[in-house]
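So that the names make sense, note that chain A is the first sequence line, chain B the second, and so on, each numbered from 1.
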Amino acid sequence: MAQSQSTATSAREVVEPSSDETEFVFFSGKGGVGKSTVNCATATWLADNDYETLLVTTDPAPNLSDIFGQSIGHEVTAIDGIENLSAIEIDPDVAAEEYRQETIEPMRELLGDEEIRTVEEQLNSPCVDEIAAFDNFVDFMDSPEYDVVVFDTAPTGHTIRLMELPSDWNAELEKGGSTCIGPAASMGERKQDYERAIDALQDGERTSFAFVGKPEDSSIDEIERSAGDLGDLGIESQLLILNGYHPESVCEDPFFEGKRADEQAVIERAREEFDADATATYPLQPGEIAGLDLLADVAGVLYDGDEATVDIGAATDADADGTVDFDGTADTDAVVEQLTPGEETQYLFFTGKGGVGKSTVAATAATKLAEAGHETLVVTTDPAAHLEDIFGEPVSHEPTSVGQANLDAARIDQEKALAEYREQVLDHVTEMYENKEDTQIDVDAAIANVEEELESPCAEEMAALEKFVSYFDEDGYDVVVFDTAPTGHTLRLLELPSDWKGFMDLGSLTKGAAPAKGDQYDEVIETMKDPEQSTFAFVMYPEYTPMMEAYRAAADLRDQVGIETSLVVANYLLPEEYGDNAFFADRRAQQAQYLTEIRDRFDAPLMLAPLRRDEPIGLDELTAFGDEVTGLADVADADAPEVTPS
Amino acid sequence: MTELTLYEEAMCCSTGVCGPDPDEELVEVSAALDQLEDAFDDLQVNRANMQHNIDQFLETQRIYDRVQEDGPSILPITVVDDQIIAEGEYLSYDELTAAIGEGATPQEA
């Protein structure tokens with residue numbers, strides 16, 4: 001292989017193929033941390049070094065097309081201008097549809113059109129989506145025509161679920177019979193594929209697992225948690241890339257000097273604490289990273305030991321006068337109206353790409369609403385959420401106070417949710433037999449049977465949904481604020497009640513289902529669709545990718561569930577008073593341009609939130625931040641309950 | 001050797017617990033079939049559902065004909081040693097035991 005004369009880095013040793021077998025490189029991390037940029041840069045670099053390279057993204061909100069400036073989509077596509085490089089964006093909806101059609105095709109011989117339609121709806125199950133996406137993933141784990149396959153995986157929580165699936169499903173297949181992934185007999189071949197995939201994932205020589213994060217404590221904490229989970233699956237993390245630190249040359253004032261110092265401390269901490277073979281960093285650029293030159297710069301820094309070029313003034317052609325007029329742009333009154341509860345319980349949903357500050361915005365809104373005297377519950381459904389870091393108080397599965405009067409917080413603990421769900425189902429089965437005293441069935445065996453079936457990955461999906469739906473029944477709250485998982489996953493969660501409702505109406509899967517369950521889902525769907533009761537807020541920062549991801553997700557929500565977006569939050573706006581140089585002028589101009597575009601694209605009131613030196617932590621800081629951004633500052637002080645010191 | 005085959009509608013998993021509530025009938029029949037297998041030494045139980053085992057529907061002429069004639073509402077169909085013993089409903093443990101016990105002289109449904 002052609003080697004460049006630059007210094008080889010330790011990151012290079014991790015990523016570069018070392019044998020004749022196809023090797024795999026996984027990049028994981030939250031959305032919005034530059035993961036796709038690092039992927040594209042890595043894949044391009046490998047291709048430039050004469051390795052036949054395939055880049056695969058399983059992110060439900062992919063942006064490879066944006067980065068390479070060409071349409072890619074659900075087919076393997078050769079990348080223009082780069083020899084040896086192909087890419088594919090696995091579209092989970094298309095994958096599921098393909099899977100459905102493959103399953104249905106042989107039935108056409110037997111069933112009429114109408115009957116086929118019924119089966120099609122039955123196959124519109126969340127389990128099928130999961131299976132289809134995973135099958136696709138496993139297919140690319142077997143790609144001998146490539147020297148290396150680079151996987152740009154979905155945000156962390158979801159990725160780990162995918163990694164767990166082969167073992168879960170293997171356990172299912174051992175049992176035989178018909179399982180959620182198909183009949184054991186025809187699954188034999190698939191089982192081998194799954195096993196090969198697991199073997200490859202666990203083989204540190206063939207598979208390199210890398211995390212991409214931001215130089216922030218919360219980012220490192222999350223990566224450490226995820227790396228621990230992967231470790232439990234026998235997968236070692238080998239590389240950590242910290243992306244987007246402020247370059248020294250542009251941090252001339254105390255605000256950005258301080259930010260830079262904090263970032264450097266985090267990078268130092270990560271190098272010392274995080275157990276990986278290599279770490280690497282790449283600075284923040286004035287513009288967005290697109291185009292082959294910038295990708296080459298990223299790869300040069302990561303793998304060839306080059307100095308980063310911070311090309312001020314070249315990365316954006318936006319006009320330079322980009323100062324945001326906060327007072328003139330934010331729709332404060334309309335925002336307050338969206339956040340404030342009416343007669344009935346108000347449900348506020350904050351969603352958006354990972355890393356856009358959803359949890360902070362949700363916690364801030366909840367804190368202000370509680371201060372205003374509304375009984376408030378804030379719930380996170382994100383498996384990787386750090387709500388307790390934000391409040392500085394423990395946040396558990398059950399709603400508990402976080403030190404502020406009227407304010408409780410909770411997080412969905414997946415394991416506990418699953419345990420509760422199992423108990424609920426098993427109770428149901430036990431009850432069933434209590435009413436049938438004359439049964440000849442061995443009740444214990446029947447229960448054991450169901451218990452085994454509950455090991456299925458679909459049960460997890462159901463458990464999360466059940467827990468989510470249960471928050472609509474929590475008594476005693478005027479407002480329930482949902483801090484939801486990154487976009488793709490949330491969309492699925494919100495679509496589930498509709499999907500399952502459709503399922504139940506069909507009846508065949510759930511003949512014995514209590515009608516109450518269907519009614520409960522109906523109610524939740526109606527509540528979410530009613531703008532009087534529910535507010536859907538998309539959080540983003542004014543850049544192309546987070547904006548487009550929110551925009552596409554908002555369209556999906558409208559088209560698939562009938563939910564309208566009623567609030568948009570633009571976060572991390574550069575403050576006017578700091579960063580008085582060309583670098584920040586470029587960035588400001590870019591933000592102003594996207595802010596205008598956000599206004600044009602979303603027909604909803606806009607809430608503006610500035611970049612802060614530190615994310616607000618604890619109730620005092622959340623209150624102060626809330627005063628600044630939510631418009632809820634002017635609540636009559638006399639009504640405001642006292643803040644209990646935490 | 002007695003063979004018992006259950007032809008069922010398209011479904012995700014045989015106990016029905018993939019849905020929000022377990023399907024009582026499916027829980028019951030799953031348990032009954034397990035128990036039958038334990039109770040009879042020379043009994044082989046197969047379950048074929050249209051989603052996962054469509055080939056069995058296409059390759060078994062009489063099942064193919066029944067479904068094409070009456071549509072999937074004719075399912076589930078219970079077959080013991082090539083004789084259809086029930087259509088459109090799941091049999092209880094007792095009924096299944098009786099059908100198997102009669103061995104080569106099954107009653108027509």
Segment of A:L110 engaging chain B (4.5 angstrom heavy-atom cut-off): both
With B:E3 via salt bridge (charged side-chain N to carboxylate O under 4.0 Å, His left out) - residues at least two apart: none
B:E89: partners by side chain to side chain donor-acceptor pair (under 3.5 Å), with sequence neighbours left out: none
Closest-packed option against chain B by number of heavy-atom pairs under 4.5 Å, given A:L111, A:I447, A:T103: A:L111
Neighbour count >12 (heavy atoms, 6.0 Å) for atom CG, A:D113: no
Test item: A:I104 and B:I54 side chains (from C-beta on) under 4.5 Å apart, heavy atoms: no
Shortest non-hydrogen separation from B:G71 to A:E115 and the atoms involved: CA-OE2, 3.6 Å
Crowding at CG, B:D65 (>12 non-hydrogen neighbours, <6.0 Å): yes
Option that, when pairs with chain A are counted at under 4.5 Å, heavy atom only, ranks first among B:D38, B:V45, B:N46, B:L58: B:L58
Test item: B:Y64 and A:E109 side chains (from C-beta on) under 4.5 Å apart, heavy atoms: yes
Within 6.0 angstrom of A:E415 CD, more than 12 heavy atoms from elsewhere: no
